[in-house]
S.K.: 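What follows is a structure written as structure tokens; I'll ask about it next.
Both counts, for ligands and for their atoms, begin at 1 and track the order of listing. Quick caveat, the model's predicted, so the values are computed rather than measured.
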Amino acid sequence: MKTFNNKSELKDYINAQREQGQTIGFVPTMGALHKGHLSLVNFGLEDNSVVVVSVFVNPTQFNNSEDLKKYPRTLDRDVELLQSVSEKKIVVYAPSVNDIYEGKTISEHFTFGGLEHEMEGAFRPGHFDGVGTIVKRLLEIVNPDKAYFGEKDFQQLQIVKKMIELKNIPTEIIGCPIFRANDGLAMSSRNERLNSEYREASPFIYKTLKYAKEKFGTKSAKVVTDWVKKQYKKHPLLELEYFLIADVDTLKPVKRKSTKKTYRAFIAVYANDIRLIDNIALN
Ligand code: PAF
């Protein structure tokens, strides 16, 4: 499997592929790959001749230095996993911080039409400037036809789509469904850090989301939100950071339900010191 650490070599390789008429798909990741990432790669392989997978723990999107330090780094295993999917059609780009940031590890500042102020933006200051910076840089390097993002980070997906529009980036952004473990826990690289007690407790997150969806059919957003908050107050292990029901286009919390709008419920929960997020389509 071809693995590049250097952006000029990767660009030369991609240009050569393009000259042969190949189409390029792109899956950006921070490594510690799991089945959720592999499902994105498989979507990419269905649509494109070559899929570039970046593996880069982006320092500028972490607002908590402990979280950055503890983020799992498992490049050899990641490459092996990708090899098991396709040796020939997948290319890995695993750059150093310097290859990306060239000595200036700072974020650009972005406005994404207000999407950046909600939920993760409110609880993780600077996070979306970091995400915008790295995704824009990676898209400039890879210049893919299509790039694949998971709906687990739904706010990120909407923000990346907005950035493509605002910056006229010629890549199609494809949102892919959340990949869940059999017990419903959304796949995340952070799950690996859960001890058995917290791992057993965490499917509760998806359970509450499913109940919330059911209740939202007949009840107001406020009633559903209060109900969810109450469930977490009673829970011995999981601590709710936020739960809210928002319009998918603006990501603003719903005040009054409208049949013309599409809603999703979003949640962030601490399992010990591990922050887990999830969401569900409501209508
Ligand atoms: O979703 C992620 O893993 C990251 O935010 C991304 C898109 C790879 C940017 O670092």
S.K.: Got a list of side-chain donor-acceptor pairs under 3.5 Å for residues 268-283, not counting sequence neighbours?
M.R.:
{"from": "Asp273", "atom 1": "OD2", "to": "Lys70", "atom 2": "NZ", "distance (Å)": "3.1"}
{"from": "Asp273", "atom 1": "OD2", "to": "Arg193", "atom 2": "NH2", "distance (Å)": "3.4"}
{"from": "Arg275", "atom 1": "NE", "to": "Glu241", "atom 2": "OE1", "distance (Å)": "2.8"}
{"from": "Arg275", "atom 1": "NH1", "to": "Glu120", "atom 2": "OE1", "distance (Å)": "2.7"}
{"from": "Arg275", "atom 1": "NH2", "to": "Glu120", "atom 2": "OE1", "distance (Å)": "3.4"}
{"from": "Arg275", "atom 1": "NH2", "to": "Glu120", "atom 2": "OE2", "distance (Å)": "2.9"}
{"from": "Arg275", "atom 1": "NH2", "to": "Glu241", "atom 2": "OE1", "distance (Å)": "2.7"}
{"from": "Asp278", "atom 1": "OD1", "to": "Arg180", "atom 2": "NH2", "distance (Å)": "3.0"}
{"from": "Asp278", "atom 1": "OD2", "to": "Arg180", "atom 2": "NH1", "distance (Å)": "2.8"}
{"from": "Asn279", "atom 1": "OD1", "to": "Arg264", "atom 2": "NE", "distance (Å)": "2.7"}
{"from": "Asn279", "atom 1": "OD1", "to": "Arg264", "atom 2": "NH2", "distance (Å)": "3.1"}
{"from": "Asn279", "atom 1": "ND2", "to": "Glu151", "atom 2": "O", "distance (Å)": "2.9"}
{"from": "Asn279", "atom 1": "ND2", "to": "Lys152", "atom 2": "O", "distance (Å)": "3.0"}
{"from": "Asn283", "atom 1": "OD1", "to": "Tyr263", "atom 2": "N", "distance (Å)": "2.8"}
{"from": "Asn283", "atom 1": "ND2", "to": "Lys261", "atom 2": "O", "distance (Å)": "2.8"}

S.K.: Ring pair (Phe, Tyr, Trp, His ring centres under 6.0 Å) with Tyr232: which residues, sequence neighbours excluded?
M.R.: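 Testing Tyr232 for ring pair (Phe, Tyr, Trp, His ring centres under 6.0 Å), a comparison that skips the adjacent residues, returns Phe204.
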S.K.: Side-chain polar contacts of residues 245-255 - donor-acceptor pairs under 3.5 angstrom, sequence neighbours left out - could you list them?
M.R.:
{"from": "Asp247", "atom 1": "OD1", "to": "Asp249", "atom 2": "N", "distance (Å)": "2.8"}
{"from": "Thr250", "atom 1": "OG1", "to": "Lys252", "atom 2": "N", "distance (Å)": "3.1"}
{"from": "Lys252", "atom 1": "NZ", "to": "Glu118", "atom 2": "OE2", "distance (Å)": "2.8"}

S.K.: Put together the list of close N/O pairs, under 3.5 Å, between ligand 1 and the protein, could you?
M.R.:
{"from": "ligand 1", "atom 1": "1 (O)", "to": "Gln156", "atom 2": "NE2", "distance (Å)": "2.8"}
{"from": "ligand 1", "atom 1": "5 (O)", "to": "Gln61", "atom 2": "NE2", "distance (Å)": "2.9"}
{"from": "ligand 1", "atom 1": "5 (O)", "to": "Gln156", "atom 2": "OE1", "distance (Å)": "2.7"}
{"from": "ligand 1", "atom 1": "10 (O)", "to": "Gln61", "atom 2": "OE1", "distance (Å)": "2.6"}

S.K.: Between Tyr148 and Phe26, does the ring centroid distance fall short of 6.0 Å?
M.R.: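 Ring centroids of Tyr148 and Phe26 are no less than 6.0 Å from each other.
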S.K.: Would you call Lys161 and Glu172 a salt bridge, using N to O less than 4.0 angstrom?
M.R.: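 Salt bridge absent between Lys161 and Glu172.
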S.K.: Can a salt bridge be assigned to the pair Lys230 and Asp226 using a cut-off of 4.0 Å between side-chain N and carboxylate O?
M.R.: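 No, no charged N to carboxylate O under 4.0 Å.
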